[in-house]
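Just so it is clear: chains get the letters A, B, ... in the order the sequence lines come, proteins before strands, and each one is counted from 1. Values reported hereafter were calculated over all heavy atoms of this structure, with side chains retained and with hydrogens, waters and symmetry mates removed.
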Amino acid sequence: MFHVKHFDVVVIGGGHAGAEAAAASARMGARTALVSMQKDRIGVMSCNPAIGGLGKGHLVREVDALDGLMGLAADAAGIQFRLLNRRKGPAVQGPRTQADRKLYRLAIQALLSQQVGLEIVEGEVVDLIEGPGGKVTGVQLLDGTALTAASVVLTAGTFLNGIIHIGDQRKSGGREGDVASIRLGQRLGSLGLPRGRLKTGTPPRLDGRTIAWEGLEEQPADDDPVMLSFRNSRPAVRQVACGITHTNERTHDIVRANLGRSAMYGGHIEGVGPRYCPSIEDKVVRFADKTGHQIFLEPEGLDDHTVYPNGISTSLPAEVQFDYVRSIKGLERVNILQPGYAIEYDFFDPSALRPTLESVLSGLYFAGQINGTTGYEEAAAQGLVAGANAAAAALGLDPILFSRSESYIGVMLDDLISRGVTEPYRMFTSRAEFRLHLRADNADQRLTAKGIATGLVGADRVQFFAGKMERLSAANALLAERSCTPPELLAAGLSVSRDGARRNLLQVLAGADVTWDHILLLEPRSAEVDPETRLQVWRDALYAQYLHRQDAEANTLQRNEAITIPADLQFSGLPGLSNELSAKLQRRRPSNLAEAERIEGMTPAALLLILAHCRKSAQARTAVR
Amino acid sequence: MGDTIFALASARGKAGVAVFRISGPLAHEAVGRLCSLPAPRRAGLRLLVWQGDVLDEALVLRFDAGASFTGEASAELQVHGSLAVVKAVARVLGEMPGLRMAEAGEFTRRALENGRLDLAQVEGLADLIDAETEAQRRQAMRVLSGAIGRRAEGWRKALIRAGALVEATIDFADEDVPVDVTPEVLGLIDVLRAELQREIAGTGAAERVRDGFEVAILGAPNVGKSTLLNALAGREAAITSEIAGTTRDVIEVRMDLAGLAVTVLDTAGLRETEDRVEQIGVARAMERAQAAELRVFLLSHPGEVLMLTPQPGDIVVLGKADLHLDEPHAISGLTGRGIDALIARIADRLSEMAASAGAMTRERHRVAMLRAFEALESARSQLERPGGATELVAADLRQAMLALDLLVGRLDVENLLDEIFASFCIGK
């Protein structure tokens with residue numbers, strides 16, 4: 001008899017989704033196991049050495065607001081903090097940092113080892129254990145050990161049927177240097193879940209000691225760094241700069257002359273790649289009239305001389321990579337430590353998932369790249385949702401759901417489920433229709449209370465959050481209470497129309513060119529408000545008027561969410577829907593009108609039709625009764 | 001699947017031909033019980049026989065599912081338009097199990113539900129059926145053939161482009177995208193604003209083509225207004241008499257003038273009066289005349305000044321031409337002199353107005369365009385303000401897109417991203 005161990009939740013995979021899932025599950029109080037092929041590879045950043053950015057930084061803040069790991073680890077490893085869109089409004093600012101790969105991995109491993117109720121198991125999962133009714137009840141390891149659990153979270157990343165391409169060479173693998181989970185992939189393949197194939201690329205890694213830095217433009221860290229976690233206020237380690245260089249006509253000639261040898265252009269790859277992360281081959285072909293493309297030279301760590309040249313991912317043969325890299329300014333004598341490669345992998349069609357990320361197999365949850373997303377941040381956010389809900393199901397608690405009007409997490413889940421993916425899904429701020437409300441700076445105000453209510457947030461953060469909210473509401477109350485007449489405002493040096501209307505100080509603060517000094521003149525007690533709270537009061541006040549306008553839209557969304565589509569409505573039988581649309585609807589089974597509305601290709605006429613049939617079947621039901 | 005419905009598709013009453021329409025899963029079977037079915041989309045002359053009795057000889061048409069007006073299997077019976085035949089056929093169809101009389105608009109609703117028509121086309125069709133005049137018919141056909149869709153296509157492209165430019169500077173700040181997109185965005189917004197404005201202005205005229213123009217006849221009492229109306233209408237619509245002040249209320253006569261639907265208003269003669277009833281009539285005449293699209297002023301003598309001044313484009317003529325034989329442009333409802341020329345002048349003026357009619361004929365089109373216009377105004381002022389917030393411009397553009405959803409179809413972030421990735425090399 002093989003060894004059997006019992007858990008509430010088993011998480012497969014120790015990437016960004018897996019680590020976050022395991023930690024969230026354990027925070028919820030579930031006995032959790034994290035199974036990884038190599039313990040010391042948990043938390044590895046397999047692509048570019050950076051965390052955060054636009055949309056992505058928002059996701060990290062939301063994970064952090066729910067007491068997740070990513071923001072804390074990024075702050076521990078951050079070596080170049082930059083707030084993107086610093087000169088634009090707070091709604092579209094995204095915190096980002098270059099991260100020291102080793103420090104990041106160690107930070108994640110340290111956070112996991114401190115987590116109560118979490119056990120890390122080294123091993124390869126080769127099979128799922130199925131219980132009565134097809135419910136997944138655990139996993140089988142290669143050494144014969146069985147881990148049973150009420151819920152299983154699968155975060156297999158690019159390891160499922162992964163194939164690495166360098167020129168016309170191809171080999172099986174999950175990430176350079178790691179083995180692909182072929183047996184698990186075959187097992188999952190036999191389950192008949194709908195899947196597709198995607199690809200992603202990486203650039204060659206360079207030896208920083210052989211780069212001629214002195215002639216290159218420098219991009220320094222911010223003087224006034226903004227952290228990824230709400231809990232931190234300053235970097236933990238030394239800050240460094242990135243270099244900037246550009247490709248040139250000679251680079252493009254070399255790439256063009258060798259296009260036929262590229263895995264992608266040579267026809268070796270069937271998967272679809274992301275348009276926002278094109279390879280250098282793609283850039284040269286699709287933007288033929290551009291004479292140069294920007295490259296960021298990003299250090300991978302403080303005591304690591306590897307440099308990640310962001311902007312030239314490729315699947316050309318190694319010797320061509322060598323030639324074109326050396327044609328670039330500053331890289332004339334550079335040594336390539338590891339050639340770039342393209343990787344193809346399987347993903348499961350996310351439109352078949354539930355909003356909890358549970359798959360069609362009861363008890364089995366999916367998170368991260370296997371759902372067709374790209375990026376550490378997207379993976380981490382899904383990991384948190386899947387881990388928390390796997391634990392909630394195991395413990396008999398209510399599912400934890402996220403709405404589009406409340407979080408980027410909700411936007412992502414809804415996009416994935418109601419639209420599926422056609423290219424690796426990445427977060428952008430433009431995906432969020434309530435962008436002015438879903439800001440990185442108020443992620444905790446939006447989500448931490450929910451995290452506390454569901455048990456996701458630990459005691460330390462509960463206290464931290466309560467203190468912050470107390471300061472905020474006191475300051476808001478102070479400013480809301482004090483209302484001023486136009487003459488008072490004019491006396492304080494503000495330009496305002498003499499319309500006789502009184503304005504409270506929150507409304508005053510939202511005006512252009514108004515500073516806290518003006519507020520001090522009008523309400524001396526505001527001197528007691530600390531600088532961080534002042535800033536947050538201003539950010540909240542700034543968009544108040546626009547948010548009010550968006551309420552109508554949010555109401556429509558909620559109204560459409562309230563029109564439920566009967567679970568037995570046969571879309572395929574609905575005359576008047578195109579075959580394509582009815583097949584999509586049949587597959588995705590939107591549970592309400594709002595979900596149906598966001599399905600790709602949906603038309604107003606089709607929506608009207610669905611609404612009419614919802615009404616009709618509601619009437620029929622009433623008539624039967 | 002729905003029931004099978006039938007209805008008399010032509011107007012009730014005695015006529016040469018009466019048309020029955022039958023639509024639904026049992027449509028062919030029902031017709032098959034009366035006669036042998038012709039080939040799809042071919043007319044067949046058939047004797048309709050029910051339980052041994054010949055109902056009528058009819059032209060029978062059959063349409064298969066997916067190739068019919070409603071999208072369902074359907075058929076048409078063109079029978080003789082006698083009341084007895086129509087009654088008999090309706091009774092027989094009603095007796096067949098699974099068939100029922102259609103509710104008002106049910107055929108069109110099925111066409112909509114089956115995706116044979118979109119919402120705008122349904123509206124166009126409703127207008128076509130109601131069309132009384134040539135101009136109404138042409139306008140309805142324009143809507144039905146998707147003129148709104150074509151106009152909207154240009155707006156759609158402009159909105160996507162403007163939205164994509166703004167979003168690119170927000171979401172790809174770290175990339176090789178143009179930093180200042182303001183001039184191009186402003187240009188796109190201005191073109192859109194101008195077109196929306198023109199189209200909004202045109203909705204008034206379009207509504208008139210659909211609902212009819214009002215032409216008011218004005219003048220002093222007993223100048224021959226009612227006689228003119230009767231001459232125009234070709235029948236005695238208003239009571240005429242020698243007694244001044246005969247017309248006290250506003251009399252409306254609907255007619256077809258040069259292909260345009262026109263309601264001619266005969267009004268009380270304009271004069272100061274002590275008669276309470278006549279006072280009300282005069283006030284009402286002034287009110288209706290001012291709201292009308294066109295006023296015809298009938299003068300009793302050259303240079304007469306009335307209580308209401310003509311507006312630019314109004315028509316002023318001398319009445320009772322039978323008494324002014326020396327005046328070349330005078331008219332007379334009594335003798336018919338000058339009436340044709342007056343009709344031509346009225347028709348010319350109305351045709352000019354109708355020509356400015358846009359493709360958007362409904363109030364809801366106008367409201368949508370107005371909301372979009374306002375959102376674009378707001379985006380414009382934000383763009384022109386030094387230090388204006390890009391995210392607020394984006395929010396305004398989104399509002400404009402939402403407003404025009406109804407006309408241009410849904411625009412969402414995928415459309416913007418497509419445009420961004422096609423235009424700029426993203427991926428640093």
Side-chain angles (χ1 to χ4, degrees), chain A residues 53-55 82 84-85 88-92 94 96 274-279 282-283 286-287 290 292-296 310-311 313 415 419 422 428-433 435-436 512-513 542-543 546 549-550 553 573-578 597-598 600 602-609 612-613, chain B residues 1-2 65-66 70-72 109-122 163-164 166-176 375 378 385-392 394-396 398-399 402 405-407 409-410 412-414 416-418 420-428:
Chain A
L54 295 163
R82 287 200 315 123
L84 302 188
N85 279 341
K88 293 196 169 75
V92 292
R96 180 190 195 272
R275 289 171 300 174
Y276 42 81
C277 193
S279 61
D282 247 341
K283 289 183 180 183
R286 290 187 43 223
F287 296 93
K290 263 188 95 121
H293 294 278
Q294 193 171 244
I295 304 168
F296 286 82
N310 200 340
S313 72
D415 281 349
R419 315 176 69 134
T422 48
F428 301 110
T429 69
S430 48
R431 294 195 192 276
E433 60 268 54
R435 175 165 63 190
L436 301 180
D513 309 321
L542 188 62
Y543 296 115
Y546 271 77
R549 247 176 42 180
Q550 281 195 341
E553 204 185 318
L574 271 196
L577 284 182
S578 68
E597 190 178 7
R598 284 187 298 275
E600 217 174 317
M602 182 56 67
T603 63
L607 209 60
L608 200 71
L609 186 64
H613 282 274
Chain B
M1 198 61 195
T70 56
E72 302 171 330
R109 204 179 71 213
R110 289 193 175 193
L112 172 73
E113 287 181 354
N114 293 335
R116 303 293 294 180
L117 298 169
D118 70 22
L119 200 54
Q121 284 175 313
V122 168
V166 172
E167 294 294 349
T169 63
I170 292 175
D171 262 334
F172 303 99
D174 232 15
E175 310 266 0
D176 253 353
S378 172
R385 195 167 66 80
T390 324
E391 70 272 26
L392 298 184
D396 285 331
R398 236 186 79 74
Q399 280 296 320
L402 277 178
D405 251 10
L406 204 63
L407 304 175
R410 203 174 164 72
D412 70 14
V413 63
E414 281 305 320
L416 303 187
L417 291 174
D418 286 345
I420 292 173
F421 297 137
S423 308
F424 309 116
C425 186
I426 302 293
K428 57 186 185 181

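- For A:Tyr546, the part lying near chain B is the side chain, with the backbone staying farther off; criterion is any non-hydrogen pair under 4.5 Å.
- Nearest approach of A:Leu436 to B:Ala395, heavy atoms of both residues: CD1-CB, 4.1 Å.
- By the 4.5 Å heavy-atom criterion applied to side chains, B:Thr390 and A:Val92 are not counted as neighbours.
- In this structure a side-chain-to-backbone donor-acceptor pair under 3.5 Å is present from B:Asp171 to A:Ser430.
- Between the side chains of B:Glu391 and A:Tyr543, at least one donor N or O sits under 3.5 Å from an acceptor N or O.
- The nearest pair of heavy atoms linking A:Asn85 to B:Thr169 is OD1-O, 4.0 Å.
- For a residue to count as touching a neighbouring chain, one of its non-hydrogen atoms must lie under 4.5 Å from one of that chain's; by this rule A:Arg435 touches chain B with the side chain only.
- Here the CZ-CG distance, from B:Phe172 to A:Leu84, works out to 12.0 Å after rounding to the nearest 0.5 Å.
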